[in-house]
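Per chain, numbering begins at 1; letters A, B, ... match sequence-line order.
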2 protein chains.
Amino acid sequence: MIAGSVTWQSLRAEALRRIRSRIWPPGAQIPHEADLAEEFGCARATVNRALRDLAEAGYLERRRKGGTRVALTPVRKATFEISIIRQDIEGRGQGYGYRLLADRLAPAPTEVRKALRLMDGSMSELRFVRALHLADDRPFCLESRWLNPAVAGPGLCFDAQSANEWLVRNIAFSGGDLGFYARAADRALAADLACDEGAALFAVDRTTFSDTTPITAVTLTYAPGYRLVTEM
Amino acid sequence: MIAGSVTWQSLRAEALRRIRSRIWPPGAQIPHEADLAEEFGCARATVNRALRDLAEAGYLERRRKGGTRVALTPVRKATFEISIIRQDIEGRGQGYGYRLLADRLAPAPTEVRKALRLMDGSMSELRFVRALHLADDRPFCLESRWLNPAVAGPGLCFDAQSANEWLVRNIAFSGGDLGFYARAADRALAADLACDEGAALFAVDRTTFSDTTPITAVTLTYAPGYRLVTEM
DNA sequence: TCGAAAATTAAGTATAGACATAATCTGCGA
DNA sequence: TCGCAGATTATGTCTATACTTAATTTTCGA
């Protein structure tokens with residue numbers, strides 16, 4: 001039961017309590033919105049708001065006509081933010097530095113073309129940009145990027161502003177893929193990131209699209225010791 | 001303008017179009033809910049639903065009385081699911097195997113106690129579990145875990161079912177911290193994961209709580225080649 | 001001029017009622 | 001028995017209205 005006035009948050013909390021305490025066990029059907037509204041003495045819309053929120057969070061599964069049931073395996077979702085690297089560094093209280101290492105048109109490797117869904121042979125060459133982000137003058141992250149030249153034409157210069165920052169600020173992207181992995185530093189990476197050859201490095205591959213237009217495929221390789229952290 | 005009946009999704013789409021096309025530029029204040037409701041010929045609640053959704057997605061910032069403004073740096077959020085490792089492996093179409101390597105009470109290292117907020121000296125010993133998850137009989141992931149013995153007492157046996165699976169299925173956790181990083185395989189890791197010493201390994205640290213009760217702190221270290229993938 | 005109190009404002013939430021939509025279930029006919 | 005049409009049902013959504021809450025702005029007194 002809920003004391004006092006019923007808000008959708010209090011109703012959500014009570015529903016979560018019933019799920020956790022197994023009053024509503026995994027897989028079980030829970031009462032209809034109308035019944036719950038009556039039980040708690042509130043409008044159905046309020047119940048709907050609470051249950052919808054729990055469904056979004058993965059605790060419940062809802063289907064029209066089928067009713068609402070407790071998720072069998074509560075899939076916990078972790079979210080983290082894709083920010084501008086400069087802000088990431090400055091947020092740690094460190095000084096930001098940036099160095100452009102390469103910027104040229106070149107034929108992209110097959111796996112990059114595949115990730116960007118450019119297998120039809122269009123756009124034979126992509127713009128390749130390599131840049132280093134520094135924190136307190138020490139290498140922090142190496143950005144290795146393939147760009148759709150139709151989106152970031154040759155008039156655009158990445159000498160002062162990184163492609164990362166320009167893209168986040170100016171291109172509306174609608175979706176993409178993300179991959180996290182560990183890689184060993186080869187000779188070139190070790191030189192750029194000022195670490196030992198063979199060092200274990202954290203890396204992120206990211207492909208972005210705006211609608212169906214391929215925008216960019218980037219690999220961010222971080223200097224040793226980097227941790228990507230988030231809360232659940 | 002929106003053709004036909006106005007749903008909160010169509011309104012959301014139109015608002016997003018205005019943000020992307022810079023009709024509503026970054027940082028700018030957008031019209032009030034009441035004004036938009038009038039413009040689109042719908043109820044304010046419908047506008048609220050659409051704008052609230054865009055705010056949750058990071059496109060807008062809303063404050064009571066302050067109104068709604070377009071986010072200066074659209075923070076993109078990626079979400080991924082925390083699943084049972086067995087399901088992860090089976091989802092790849094591989095056969096799942098499991099081997100318990102260690103299970104004992106032991107004093108936990110300081111950093112583990114700190115992560116679990118056990119710095120007051122209570123619970124001098126925690127339950128330590130080490131287990132290997134195999135995919136098609138090859139090492140896939142090493143689970144190295146500290147457990148609150150009050151939650152997973154000695155009566156509970158992890159010979160057949162991994163602590164990972166038992167916890168996901170039986171413990172309601174409310175929150176925790178997550179960290180991703182790369183680490184080099186030391187001699188012990190190399191032996192367990194059947195890889196070369198010094199290999200770059202992807203690892204995840206996870207701390208979980210139920211309310212304020214510490215549940216577990218785990219490190220999952222994956223065999224070489226593992227990629228954590230998700231979509232945006 | 002300064003600062004606190006009061007007024008104002010825009011989002012947040014609750015409600016009753018209505019209709020839409022997708023599943024599911026029922027019953028009929030072949 | 002099978003399959004499809006139609007009835008049923010639970011969630012999804014929209015509306016109009018009212019009230020709440022947080023924050024800003026204005027006002028007014030010291």
Testing C:dT8, D:dT11, C:dA16 for proximity to the side chain of A:E33, the answer is D:dT11
Taking the six-membered ring for Trp and the full ring for Phe, Tyr or His, determine whether the centres of B:F140 and B:Y226 are under 6.0 Å apart. yes
Counting neighbours of CD on B:E90 that are heavy atoms of other residues, nucleotides or ligands and sit closer than 6.0 Å, is the number greater than 12? yes
Does a sphere of radius 6.0 Å around CD in B:Q9 hold more than 12 heavy atoms from other residues, nucleotides or ligands, not counting ones at 6.0 Å or beyond? yes
Hey, which sits more toward the 5' end of DNA chain C by its nearest nucleotide, B:A34 or A:W8? B:A34
Does A:Q9 make a side-chain N or O approach to OP1 or OP2 of C:dT13 shorter than 4.0 Å? yes
Fill in the dot-bracket string of DNA chain C, one character per base: . for unpaired, | for a pair to another strand, ( ) or [ ] for pairs within the strand, taking Watson-Crick or G-U pairs under 3.5 Å. ||||||||||||||||||||||||||||||
Take atom CG of B:L36 and atom C1' of C:dA10, then tell me their distance rounded to the nearest Å. 12 Å
Closest non-hydrogen contact found for B:L126 with B:P149 is CD2-CD, 3.7 Å
Just the rounded figure in Å: distance from P of C:dA16 to CD of A:E38. 12 Å
Nearest to the side chain of A:T68, which nucleotide is it out of C:dA10, D:dT11, C:dA14? D:dT11
Non-hydrogen atoms of A:P139 and A:L134 that approach each other most closely: N-CD2, 3.9 Å
With nearest nucleotide decided by heavy atoms, which residue, A:R64 or B:G41, maps closer to the 5′ end of DNA chain D? A:R64
Check the distance between D:dA7's P and A:K65's NZ and give it to me in whole angstrom. 14 Å
Does CZ in A:R138 sit with more than 12 non-hydrogen atoms of other residues, nucleotides or ligands closer than 6.0 Å? no
Answer whether the closest heavy-atom distance between the side chains of A:Y181 and A:D205 falls below 4.5 Å. yes
Figure out the CG/C1' separation between A:L11 and C:dT13, and round it to whole Å. 13 Å
Just call it for B:G66: base, sugar-phosphate, or nothing, with non-hydrogen atoms closer than 4.0 Å on any strand. nothing
Please report the distance, rounded to the nearest Å, between CD in B:Q29 and P in D:dA23. 15 Å
Counting C-beta onward and ignoring hydrogens, is there a side-chain heavy-atom pair between B:L60 and B:I19 closer than 4.5 Å? yes
Under 4.0 Å, heavy atom to any atom of DNA chain C: which of residues 44-63 of chain B qualify? B:R44, B:N48, B:R62, B:R63
Should the ring pair A:F180 and B:F180 be called parallel, tilted or perpendicular, given that the plane angle runs from 0 to 90° and is split at 30 and 60? parallel
d(CG, A:D35; P, D:dT9) in whole Å: 13 Å
